[in-house]
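Structure, as structure tokens:
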Amino acid sequence: MHISDGILPVPLWLGGYGITALLTSYSLRVCRQGSRCMSESSFHRQLPKAALLTAAFFVASSIHLPIPPASVHFLLNGLVGLLLGPLAYPAIVVGLFFQVVAFGHGGLTTLGINAAIMGIPALLAGGIFRVGRRRLGTGIPAFLAGVVGAGLAVLLFYGVVIAGLSSSTPLATEAEQLATGTLVLAHLPVIGLEGLFTSWVVLFLQRVQPDLLLDSWPQTFGETPDRQPTQVEPTLTHSGYGKR
Amino acid sequence: MEKDEVAGSPISETAAKTLSWIHRWRPLPKLLGLLGLVVAFAAVQRLALLPVLGVVAAGLWGLSGLPWRLWLRRLAGPGVLVSGLILVLPFWLGETVLWRWGSLAVRWEGIAEVLRIGIRLGAIFTLSLLLLETTPLMELLAALRRLGIPDLLLELAWLTYRYLQELGSQWQQMRRAAQLRGWRPGESLRQDLPFLASLLGTLLVRSYERSERVYQALRLRGYGQGAPLVAAAGDPTRAYASVALSWGATGLALGIAGLVLGLGLV
């Protein structure tokens with residue numbers, strides 16, 4: 001789900017950098033302003049947390065699932081959004097940069113547009129989880145956040161690629177419709193699985209370390225968490241469900 | 001995933017082994033020069049100019065002394081992703097049909113686009129790899145800081161990089177332990193998914209707890225008191241000749257970039 005160098009016309013990837021610059025500076029400003037309402041240290045505390053979670057997500061992006069006829073991997077941008085709040089966008093920029101460094105996925109020119117494709121849905125997913133959690137509990141909003149994060153990223157990805165290819169040369173209409181329809185349909189099961197996976201991870205975190213779900217958005221925006229969660233030691237049983 | 005894949009740190013290893021002129025090119029001028037070339041290459045539309053891109057990129061790679069097999073190995077990442085596009089574009093793009101077989105038609109515009117994408121990708125990929133392989137990450141971040149990238153973003157990148165390998169090893173350990181306890185990955189999606197979710201949840205919890213300790217350790221070293229984690233790189237050796245040569249090379253690279261940009265936009 002990363003656009004490589006050389007595919008997009010210059011205005012499109014430059015525009016991607018413009019969007020990323022705006023959203024990154026906005027995210028960082030929101031975090032700083034939010035922290036002023038609490039204390040300066042709470043903001044600095046967020047940074048190592050965001051860095052280590054970014055590293056963890058980078059590592060987890062290696063999870064491949066054998067879904068015929070190929071194997072797929074999760075995007076996890078919805079999960080990043082709901083755990084990191086506004087810091088999700090800069091975290092995604094950094095994560096994608098290391099994807100370029102380590103695997104050559106994506107590219108230096110397309111870093112901005114790839115960050116926008118993954119980061120905008122992540123911010124939206126974070127907002128959905130935050131609002132939905134007040135009314136629907138944890139599981140359903142987490143599922144929705146996962147579905148919206150992955151679904152919107154897929155749509156943006158193919159939208160940008162097709163816009164890039166058709167900017168210089170007209171596409172054969174029937175072929176374009178067929179390809180777009182097939183690609184989006186092919187991703188529907190994966191998007192559903194991403195939602196399920198996100199909700200399972202979030203439910204696990206709620207049982208084991210609820211602080212992780214509470215302190216990114218409220219502290220960032222200067223709100224006070226309505227309850228102090230009880231910390232429970234993580235356990236991984238034979239079946240791996242972490243039940244107490 | 002293999003351990004060295006997680007590390008994402010081929011940079012320092014290769015840089016330590018060979019010290020070509022490209023390695024000694026100062027980080028900031030190198031960043032500016034290579035990025036100028038990347039931007040110019042990405043803008044090229046004219047087919048006749050594409051071989052120039054290949055020659056410049058290959059020449060710089062040759063100067064660096066880096067092995068070609070490294071280039072081939074790393075090309076596998078973007079190559080696999082783009083090869084699908086390259087396979088369908090001749091049948092999908094454009095209106096000038098060169099050859100038709102039943103409902104399949106090969107179009108000239110599609111072939112031209114494949115050439116543009118393939119050669120631009122190869123050249124930009126080579127320059128990016130050159131930059132990343134010959135510049136230690138810390139120096140690269142310091143150069144980015146001098147270009148005005150916010151400290152917070154650079155600190156985030158530095159801290160992420162610092163813990164990537166450790167978390168990668170931890171993830172491998174957790175998977176191995178689970179396999180020793182009887183987990184067979186790939187056997188059943190219904191069992192794999194909840195299990196992998198809890199595995200990732202555990203990794204996130206450990207990372208979160210670790211981040212608290214990292215924060216305390218950073219505080220003890222003065223973090224949050226105004227001093228940035230990623231400082232701008234100075235020039236301790238004050239080697240004026242090296243600095244002048246570096247900026248000269250950057251001027252040359254930007255000159256080539258301007259020429260390519262001027263000729264290639266048609």
Side-chain angles (χ1 to χ4, degrees), chain A residues 2 4-7 10 13 24-25 28 40-41 44-45 47-56 58-60 62-63 65-66 90-91 93-94 97-98 100-105 107-109 165 169-172 175 179 193 196-197 200-201 204-205 208-209 212 234 236 238-242, chain B residues 1 5-6 8 38 42-43 74-75 77-78 81-82 91-95 109 113 117 120-121 124-125 128 132 150 152-153 155-157 159-161 163-164 167-168 171 178 181-183 186 189 192-205 207-208 210-211 214-215 218 223-224:
Chain A
H2 309 298
S4 299
D5 287 316
I7 295 176
V10 177
W13 62 256
T24 305
S25 62
L28 294 175
E40 186 62 22
S41 68
H44 287 293
R45 191 184 291 261
L47 208 66
K49 176 190 157 191
L52 270 99
L53 292 184
T54 305
F58 182 90
V59 167
S62 68
I63 299 176
L65 299 172
V93 173
V94 168
F97 174 71
F98 284 117
V100 179
V101 174
F103 308 125
H105 291 169
L108 286 186
T109 59
L165 291 176
T169 318
L171 295 175
L193 284 179
L196 273 178
F197 189 75
W200 278 325
V201 174
F204 176 89
L205 293 175
V208 174
Q209 184 62 280
L212 248 170
L236 195 65
H238 172 70
S239 57
Y241 291 89
Chain B
M1 186 164 53
E5 279 183 296
V6 174
V38 162
R74 301 296 301 280
L75 189 65
L81 294 169
V82 172
F91 303 99
W92 188 27
L93 207 64
E95 285 158 348
E109 290 86 348
E113 196 60 26
I117 289 177
R120 278 193 315 224
L121 168 72
I124 297 172
F125 169 79
S128 308
L132 299 170
L152 287 170
L153 199 60
E155 287 171 358
L156 187 64
L159 281 171
T160 303
Y161 176 74
Y163 291 98
L164 261 182
L167 289 181
W171 176 249
R181 290 198 302 268
W183 176 54
L189 200 61
D192 277 358
L193 271 183
F195 178 70
L196 284 170
S198 60
L199 210 60
L200 174 58
T202 307
L203 185 72
L204 290 173
V205 169
S207 307
Y208 176 66
R210 181 75 182 264
S211 75
V214 169
Y215 170 69
L218 286 173
Y223 174 63

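Letters A, B, ... mirror the listed sequences (proteins, then strands); counts begin at 1.
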Practice task
For L218(B) and P48(A), work out which heavy atoms get closest and say how close.
Solution key: CD1-CG, 4.2 Å

Exercise for the section: Heavy-atom distances under 4.5 Å only: say whether F197(A) touches chain B with side chain, backbone, both or neither. Expected result: both

Completion exercise
Smallest heavy-atom separation, D5(A) atom then S128(B) atom, equals OD2-OG, 4.1 Å

Fill in the blank from the handout: To the nearest 0.5 Å, atom NZ of K49(A) lies from atom CG of L204(B) at 10.5 Å

Exercise for the section: Kindly compute the distance separating OG1 (T160(B)) from CZ (F58(A)), expressed to the nearest 0.5 Å. Expected result: 10.0 Å

Fill in the blank from the handout: Note: I7(A) and R120(B) closest approach over all heavy atoms is O-NH2, 4.1 Å

Practice task
List the atom of L167(B), the atom of A56(A), and the distance in Å for their closest heavy-atom pair.
Solution key: CD1-N, 3.6 Å

Exercise for the section: Apply side-chain contact (heavy atoms from CB on, under 4.5 Å) to the pair I124(B) and L108(A), showing each step before the final yes or no. Expected result: CA-CA 8 Å; I124(B) 297 172; L108(A) 286 186; 5.7 Å; no

Problem - Closest non-hydrogen atom pair between L52(A) and S207(B), with its separation - result: CD2-O, 3.6 Å

Handout entry: Close side-chain approach of V59(A) and Y163(B), heavy atoms under 4.5 Å
Key = no

Practice task
Answer whether the closest heavy-atom distance between the side chains of V94(A) and Y161(B) falls below 4.5 Å.
Solution key: no

Practice task
Enter the distance from T54(A):OG1 to L159(B):CG here, rounded to the nearest 0.5 Å.
Solution key: 9.5 Å

Exercise for the section: Find out whether P90(A) and L152(B) are in side-chain contact, i.e. whether some heavy atom of one side chain is under 4.5 Å from a heavy atom of the other. Expected result: no

Completion exercise
Nearest heavy-atom approach of P150(B) to L28(A) is CB-CD1, 4.2 Å

Exercise for the section: Examine whether an atom of T24(A) lies under 4.5 Å from a heavy atom of chain B, and if so say whether it belongs to the side chain, the backbone or both; otherwise answer neither. Expected result: side chain

Practice task
Pick whichever of L153(B), L196(B), L193(B), V214(B) has the most heavy-atom pairs under 4.5 Å with chain A.
Solution key: L193(B)

Problem - Contact leader toward chain A among I117(B), D192(B), L121(B), L156(B), where contacts are heavy-atom pairs under 4.5 Å - result: L156(B)

